[in-house]
Amino acid sequence: MYKIAAFLKPYRKEVIIGPIFKLLEAILELLLPTIVALIVNNGIGRHDSGYVYRMGGLMVVMAVLGFGCSMVCQYYAARASQGFGTSLRNKMFKHISSLSYAELDIFGTPSLINRITNDVNQLQLAVAMLIRLVIRAPFICIGAIIMSMILDFRLSLILLAATPVIGVILYFIITRSSPLYRKYQQKLDHLALVLSENLSGIRVIRAFAESRREKQRFDAASEDLTATAIRVGRISAWLGPMTTLVVNAAIIAILWAGGIHIDAGRLSQGEIIAFINYVTQILLALIVVSNLVILFTKAASSANRVNEVLAVQSSVVDTGNLELPPADGQAPAIVFDHVSFGYNTTGELALHDISVTIRRGETIGLIGSTGSGKSTFVNLIPRFYDAVEGEIRVEGINVKEYGLEQLRSRIGIVPQKATLFSGTIADNIRWGKQDASSGELMEAAAVAQAEEFIQKLPEGLATPVARGGMNLSGGQKQRLTIARAIAMRPQILILDDSSSALDFATDAALRRELKENSRDTTVLLVSQRVSTVRQAEQIIVFEEGRIAGIGTHEELLKSCGVYQDICQSQLSSEEVGAR
């Protein structure tokens, strides 16, 4: 909580002024029972209606002033809490955006969404209650006890005796509910994961007629969350009744002892009425405190989850070096020098001692079975991950010496999963170059074999793209993502199995256009299709995280058994023999 409190620094004025006005309201509220006692003793007891009206008018003025103070506090609480929430969300989003794939894989998307929305909202509410009630409620309790002590010290001892009992109740509730709130948040993350998988995979679920099984899976996660919420609710539900029971027992004891004092002439009727009013104020304040305990217990759990995210440092450090030496024009485009890499989740190496040199302007094919390390290899070039061992150089400079923006501005990458954003087709292609003209967009689309279907659309480049490109086919989405990468005119273009949804004729036309229009661009074609990579100037064959062979299609057919097996599984015996 203390680390997150730093986000309240811009709102010092609101955090100070708000409670001050709330204290003024509390002071006015504490004076009202004493005025009631004066009205009973001096006005009603002496049949002085003028005194009653005067004091009644004073009470109205005090009530109006108290209401005004409350509204001022409410205003400052709203400003501080909303500003705090906005700042914290912005900070979390910026921090999450700076994390590498390794850290994002650990948290998972559903959990991060919950932390930046639900947990921040919980903290935002806690800030509002901090300004509005955290000072007021204890002040009312303490002030009411002091005022009751002034009225009659012996009767106030009953309230003092009830205080440790209430403290024990609060301690019991907090220690029992805090662990459950943490479990509740974790199960909420799990429910969000199940929901996300169901919504994103709805077509697959229906295709396999597994809607019933997925409904049962969602119900199980929902019921597990509900069971935890009920357990927390049962414990928290004890707080209000137990507090009320203790305070009401104190009221009964005060009435019994007060009656004795009145009979003995040591206490007036007005004073006993004021005393009961103070006890009632204490009761109401304790009910508020009990709700605050529950609220801040939840907020503490949310604060821990938010701090977990903010405390994680990216394993890929952005040096931001703006004074790099000029690139060596004779240096290879990409060099892997004894590079090894492993994902933290498995603990095993995904790449083992990879050494390869790729010259400028070459078209390189990368092929291998699923999980052989092809995508991991290309993900190390733009530093989505950092190598565990060895060195990667782009244009003769270690990739770690580049600023991330500098490095990635040189690289156009089309990932395996085609991802589009809501907007228009033009908006999506312009991700590669924000100031691109319509002519440049259509030029990139032509190379990516997307021009034909764009021209057939009634609105052309202005055609809206639904969330995730749901209104486009798989092949259309892949071609648009390729056009997006081409539009930026990168020095290195990585196509990570990005033509899997294209037919063979379109795939061949795409490769032909790339060769003709990107002569100065180093192209890396990741594919499991031999037909996609066999015309490449060099083919790198991967097997279980190692390079099994490097060479042309013809050379590998003679020297690489792994490549021969791949070709035999995809090509006819005549094609394999002919090449």
About how many Å separate [atom2] of [Y] and [atom1] of [X], when rounded to the nearest 0.5 Å?
X: Asn121; Y: Ile116; atom1: CG; atom2: CD1; result: 10.5 Å
X: Ile20; Y: Ile131; atom1: CD1; atom2: CD1; result: 12.0 Å
X: Ile381; Y: Ile494; atom1: CD1; atom2: CD1; result: 4.0 Å
X: Ile135; Y: Leu130; atom1: CD1; atom2: CG; result: 7.0 Å
X: Ile235; Y: Leu180; atom1: CD1; atom2: CG; result: 5.0 Å
X: Leu351; Y: Tyr385; atom1: CG; atom2: OH; result: 11.5 Å

Write out all pairs satisfying salt bridge (charged side-chain N to carboxylate O under 4.0 Å, His left out) with one or both partners inside [range], taking only residues at least two apart or from two chains.
range: residues 236-256; value: none
range: residues 124-143; value: Glu25-Arg136, Glu29-Arg136
range: residues 247-256; value: none
range: residues 285-306; value: Asp119-Arg305, Asp189-Arg305

Under 3.5 Å: donor-acceptor pair, side chain of [X], backbone of [Y]:
X: Asn277; Y: Ala274; result: no
X: Arg408; Y: Pro382; result: yes
X: Asn428; Y: Phe421; result: yes
X: Asn90; Y: Thr86; result: yes
X: Ser111; Y: Gly108; result: no
X: Ser70; Y: Gly66; result: no
X: Asn379; Y: Ser375; result: yes

Do [X] and [Y] make a side-chain contact, defined as non-hydrogen atoms from C-beta onward lying under 4.5 Å apart?
X: Asp496; Y: Val414; result: no
X: Asn198; Y: Arg217; result: yes
X: Ile4; Y: Asn307; result: yes
X: Thr463; Y: Thr424; result: no
X: Phe296; Y: Val134; result: yes
X: Phe384; Y: Ile413; result: yes
X: Arg484; Y: Leu420; result: yes
X: Leu32; Y: Leu28; result: no

Heavy-atom pair with the smallest gap, counting every atom of [X] and [Y]:
X: Thr34; Y: Tyr278; result: OG1-OH, 2.6 Å
X: Ala285; Y: Ala137; result: CB-O, 3.8 Å
X: Ala80; Y: Leu8; result: O-CD2, 4.3 Å
X: Phe107; Y: Glu308; result: CZ-O, 3.7 Å
X: Ala466; Y: Asn471; result: N-OD1, 3.1 Å
X: Ala221; Y: Leu191; result: CB-CD1, 3.9 Å

#### Entry: Selection residues 220-248 - residue pairs positive for ring pair (Phe, Tyr, Trp, His ring centres under 6.0 Å), sequence neighbours left out
none
### Task
Give every residue pair that meets the ring pair (Phe, Tyr, Trp, His ring centres under 6.0 Å) criterion with at least one member in residues 126-145, sequence neighbours excluded.
none
#### Entry: Derivation of the side-chain contact (heavy atoms from CB on, under 4.5 Å) call for Val465 and Asp427
CA-CA 9 Å; Val465 176; Asp427 293 335; over 6 Å; no
Atom [atom1] of residue position [X] - does it have more than 12 heavy atoms of other residues, nucleotides or ligands inside 6.0 Å?
X: His95; atom1: NE2; answer: yes
X: Arg234; atom1: CZ; answer: no
X: Lys187; atom1: NZ; answer: yes

Side chain to side chain contact (heavy atoms under 4.5 Å, CB included) with [X]: which residues, sequence neighbours excluded?
X: Lys433; result: Asp435, Ala436, Glu440
X: Ser314; result: Leu99, Ser100, Glu103, Val316
X: Ile35; result: Ile39, Met55, Leu58, Met59, Met62
X: Gln124; result: Ser81, Gln82, Arg89

### Message
Using the rule given for side-chain contact (heavy atoms from CB on, under 4.5 Å), can you reason through Leu112 versus Val309, listing the C-alpha separation, both sets of side-chain angles and the distance that settles it, and then say yes or no?
### Response
CA-CA 8 Å; Leu112 289 173; Val309 176; 4.1 Å; yes
### Query
For Cys69 and Lys22, what are the C-alpha separation, side-chain angles and deciding distance, and is it a side-chain contact (heavy atoms from CB on, under 4.5 Å)?
CA-CA 6 Å; Cys69 291; Lys22 206 64 179 176; over 6 Å; no
### Set of residues satisfying salt bridge (Lys or Arg N to Asp or Glu O under 4.0 Å) with respect to Glu389, sequence neighbours excluded
none
### For Lys477, all residues meeting salt bridge (Lys or Arg N to Asp or Glu O under 4.0 Å), sequence neighbours excluded
none
### Query
For Leu407, which of Lys400, Glu401, Arg383 qualifies under side chain to side chain contact (heavy atoms under 4.5 Å, CB included)?
Arg383
### Message
Under 3.5 Å, is there a donor on one side chain and an acceptor on the other for Ser301 and Tyr184?
### Response
no
### Worked check of side-chain contact (heavy atoms from CB on, under 4.5 Å) between Arg213 and Ile205
CA-CA 9 Å; Arg213 186 178 71 85; Ile205 293 169; over 6 Å; no
### Task
Kindly state whether the ring of Tyr11 and the ring of Phe84 have centres lying under 6.0 angstrom apart.
no
